[in-house]
Amino acid sequence: MFATPAYAQAAGGAAAGPEAMLIQFLPLIALVALFYFLMIRPQQKRMKQHQQMLSALKRGDTVVLSSGMIGKIVRVEDKEVGVEVATGVTVKVVKSMIADVRAKGEPAAANDAKA
């Protein structure tokens, strides 16, 4: 008595064929496509731009590290760069930790509030 509705539902689903299965999986496929276009593709694009920026590093560039420190590149190696963070103070930094490369002629913001 309790099993008959379940058997009837199973028999009805099997009779519908592949169209019913496609309709069931269509929302899942749509979510995967949405996830790809909103999350994976932009991240890959940003990663590619970051790799191009790192490959174009040269001596004399002003860089911003991921920690927020600003320095000037004095030496470029394969995986590391030498960054001068103060006069006479050079530190070795892994290239992937460089967040941004500033232009040489970019003006610095003023510290004082002259009006």
Could you give the distance from [atom1] ([X]) to [atom2] ([Y]), rounded to the nearest 0.5 Å?
| X | Y | atom1 | atom2 | result |
| --- | --- | --- | --- | --- |
| M69 | I98 | CE | CD1 | 12.0 Å |
| L54 | K95 | CG | NZ | 7.0 Å |
| I29 | L34 | CD1 | CG | 13.5 Å |
| K48 | Q51 | NZ | CD | 11.5 Å |
| Y36 | Q44 | OH | CD | 5.5 Å |

Verdict with reasoning, L57 to I73, per side chain to side chain contact (heavy atoms under 4.5 Å, CB included): CA-CA 8 Å; L57 286 176; I73 295 181; 3.7 Å; yes
R59 side chain to V74 backbone, donor-acceptor under 3.5 Å: yes
Donor-acceptor pair, side chain of H50 and main chain of A99, under 3.5 angstrom: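 No; judged by distance alone, with no hydrogens or angles, the pair does not exist.
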Check against side chain to side chain contact (heavy atoms under 4.5 Å, CB included), L65 and M97: CA-CA 6 Å; L65 303 178; M97 291 294 110; 5.5 Å; no
Side chains of I70 and T62 in contact at under 4.5 Å (non-hydrogen atoms): yes
Minimum side-chain heavy-atom gap K92-R75 below 4.5 Å: yes
Short N-O contact, K79 and E77, less than 4.0 angstrom: no
Short N-O contact, K72 and E84, less than 4.0 angstrom: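 No, K72 and E84 are not salt-bridged.
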When you group the ILVMFWY residues by side-chain heavy-atom contacts below 4.5 Å and let the links chain together, are [Y] and [X] in the same group?
| X | Y | answer |
| --- | --- | --- |
| V76 | V83 | yes |
| L38 | L31 | no |
| M47 | M39 | no |
| F35 | L26 | no |
| V91 | V94 | yes |

ILVMFWY cluster membership beyond V32 - transitive side-chain contacts under 4.5 angstrom: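 In the cluster with V32 there is nothing else; it is isolated.
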Test item: side-chain donor near acceptor, R46 and Q49, under 3.5 Å: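 No, no side-chain donor-acceptor pair sits under 3.5 Å.
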